[in-house]
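Just so you know, ligand 1 is whichever comes first in the structure, and atom 1 is the first atom listed for that ligand.
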Amino acid sequence: MRVSQMFIPTLREVPAEAEIASHKLMLRAGLMRKLASGIYSFLPLGYRTFRKVEQIIREEMDRAGAQELIMSALLPAEVYQASGRWDVFGPEMFRLKDRHNRDFCLGPTHEEIFTETVRNETRSYRSLPMTLYQIQTKYRDERRPRFGVMRSREFVMKDAYSFDRDEAGLDISYKKMYEAYCRSFDRCGLDYIVVDADTGAMGGSGSQEFMVKSEIGEAVIAFCEACGYAANDEKAQCVPDHSHKDDCCSAEMPVEKVATPDVRTIEELMNFFKCSSKEFAKTLIYKADGKIVAAMVRGDRELNETKLQNHLGCIELEMADAETVSSITGAAVGFAGPVGLKVELVADLEVAEMKNFVVGANETGYHLKNVNINRDFKASAVIDLRNIVEGDPCPKCGAPVKVAHGIEVGHIFKLGTKYSDALNCVYLDENGKENPMVMGCYGIGVNRTMAAVIEQNNDDNGIIWPMSVAPYHVTVVPVNTTDSLQMEIAEKIYSELQASGVEVILDDRNERPGVKFKDMDLIGIPVRITVGKKAGEGIVEYKLRKAGEVKEFTVEEAIAQAKKEVYSALGK
Ligand code: ATP
Ligand code: MG
């Protein structure tokens, strides 16, 4: 393709809402445009890469023996009602009605639909195991769409579902998907780690996420370099800090009410009481499906909402607003405490380790000192509720863990019989007996994977595509398009590479070379061949986007080198 004819609307400035490199670059390089919050169009360059990511995933799914099909995005409510997820999805599900007033949704994920399809068509054990997949558009009305296509409201997911006779079969299907995921992400040039994930309200016997380590990742992962343990923060079990208990006085002291006007935050409390945040306990008020509950963690800790949500088994969990907090505690925000509180209260394991600590008094302007769990208040449950932090003991081996941010690009999940039980997806075994199929589900976000590749492969000048997913492999840049010799050589390189199956563009725009180089760096084409002032000697410049160094080659050498570069990267 000739660049003069291509639709590559590059930008100098991007909207301020683009906070991260991949979002900025996808706009700047003309890969996509925003239509509405969390909704994007892919433009030609972006769509080429998108299709390459998709194709890599497709090839790896096929290699693993999965079969591709495609299902509708517009789905009837009944099957989601049967599984219970019509309610579970809550406001994240886009819902609509047809002209007959029947309920539909735009599919956020397709477990139910695959289960129903297989149930209606598969009866015998002989058909199992079977793994089906699709690469299809999903809709989720995310609470906070952000970071471009990293978290959008319309996105393409490769979703696969495995059907087995038993758990042992599921283990094998799951492992095949695990390997296919590793191969897919390796081929996309991603540096990732696999972490244990929470099976949460979905039930199931195991789950792992593929995380691309990145500071901008919304997921938090804990990993141990000593034993290889890795989990996301929702799953990572925190070991309570016992050290503190020993230096506290062992006897329980009488509760004291202390006037603390205008002392609300932990920081202010530390100054006022002249002690560490470890000697306070925070009482947080939540609304769980409309019901008010309280949760406690040590003053220096953060509560993990997924851990609380899993314990409560609720669908929607949100911090209560100030008005609700006041009506429950009888005090302004900042003075909530567990003593005398008349709602369900869940405490973190560490709160049970604390002695004589400070809490809000449920009275504006007062705190209580020397409070102790069980003596002064009771918790309905004492569980792990807090976020793991760097240096916490590894739950497996005790060595200090590291904590990093990650972008979740893929998720594999042993569902077991949750959906087959709910939707009666059974098969007949050798003895003619009915058994539920044992299922797994496996998702990769195609758009998010593409953005993650950019997040890991860019510099100040733009994107640095790995060859495998670059929109084009090579760009040929004649420095002066009015110089007929330069153009002749550029055309020759262009057509020879094209004939060899290399995806090549020719920057035939009548622009200053600086402008062309800038644009080509921005869109991140891996190989650049520049035809300039040494054209008369048959010499061209050869440069890789990822290395900075410019080499001089004869025309034939440059063509041969570009072919070699492309073929070897693509394993041809
Ligand atoms: P997250 O925790 O980021 O919301 P999730 O747990 O909801 O993800 P899954 O339901 O497991 O995600 O979906 C499978 C894959 O789909 C994810 O690993 C991710 O790559 C992708 N994905 C999920 N939600 C979005 C979204 N809003 N935008 C883009 N990709 C998404
Ligand atoms: Mg989500």
Modelled atom types, side-chain donor and acceptor of Tyr40 and Asn447, under 3.5 Å: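 There is no such pair between these side chains.
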
Any donor-acceptor N or O pair under 3.5 Å, side chains Tyr80, Arg95: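 Judged by distance alone, the side chains do not pair up.
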
Report the nearest protein non-hydrogen atom to [atom]: residue, atom name, distance rounded to 0.1 Å.
atom: atom 5 (P) of ligand 1; answer: Arg140 NH1, 3.8 Å
atom: atom 13 (O) of ligand 1; answer: Met157 CE, 3.5 Å
atom: atom 28 (N) of ligand 1; answer: Ser152 N, 3.0 Å
atom: atom 29 (C) of ligand 1; answer: Met150 O, 3.3 Å
atom: atom 21 (C) of ligand 1; answer: Gly445 CA, 3.6 Å
atom: atom 1 (P) of ligand 1; answer: Arg151 NH2, 3.5 Å

From the candidates Phe210, Phe155, Tyr442, Phe413, the one that places a heavy atom nearest atom 22 (N) of ligand 1: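 Nearest heavy atom to atom 22 (N) of ligand 1 lies in Phe155.
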
Per atom 17 (C) of ligand 1, closest listed option by heavy atom (His411, Glu408, Lys158, Arg144):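 Looking at heavy atoms only, the winner is Glu408.
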
Could you list which atoms of ligand 1 come closer than 4.0 Å to a heavy atom of [X]?
X: Glu142; result: 24 (N), 26 (C), 27 (N)
X: Val409; result: 18 (O), 20 (O)
X: Gly410; result: 18 (O)

Aromatic ring proximity, centroids under 6.0 angstrom, Tyr427 and Tyr125: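 Not under 6.0 Å, so no.
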
Near-ring test Phe185/Phe210, centroid separation under 6.0 angstrom: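 Phe210 vs Phe185: aromatic centres under 6.0 Å.
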
Close approach of Val149 to ligand 1, heavy atoms, under 4.0 angstrom: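 For ligand 1, residue contact (heavy atoms, under 4.0 Å) with Val149 is present.
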
SB check Arg102 Glu78 (cutoff 4.0 Å):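 Judged by the 4.0 Å cut-off on N to carboxylate O distance, Arg102 and Glu78 do not form a salt bridge.
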
Salt bridge flag under 4.0 Å for residues Arg386 and Asp300: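 No salt bridge links Arg386 with Asp300.
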
Straight-line distance of Arg58 CZ to Gln134 CD, nearest 0.5 Å: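 Answer for the CZ-CD pair, Arg58 versus Gln134, is 11.5 Å.
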
Glu302, CD atom: more than 12 neighbouring heavy atoms under 6.0 Å: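 Atom CD in Glu302 is not packed in, count stays at 12 or less.
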
Ligand 1 contact on Arg448 by region, counting heavy-atom pairs under 4.0 Å: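 Near ligand 1, Arg448 shows its side chain, while the N, CA, C and O stay back.
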
Positive for salt bridge (charged side-chain N to carboxylate O under 4.0 Å, His left out) with Glu17, one of Lys24, Arg146, Lys34: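 By the salt bridge (charged side-chain N to carboxylate O under 4.0 Å, His left out) criterion, Glu17 pairs with just one of Lys24, Arg146, Lys34: Lys34.
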
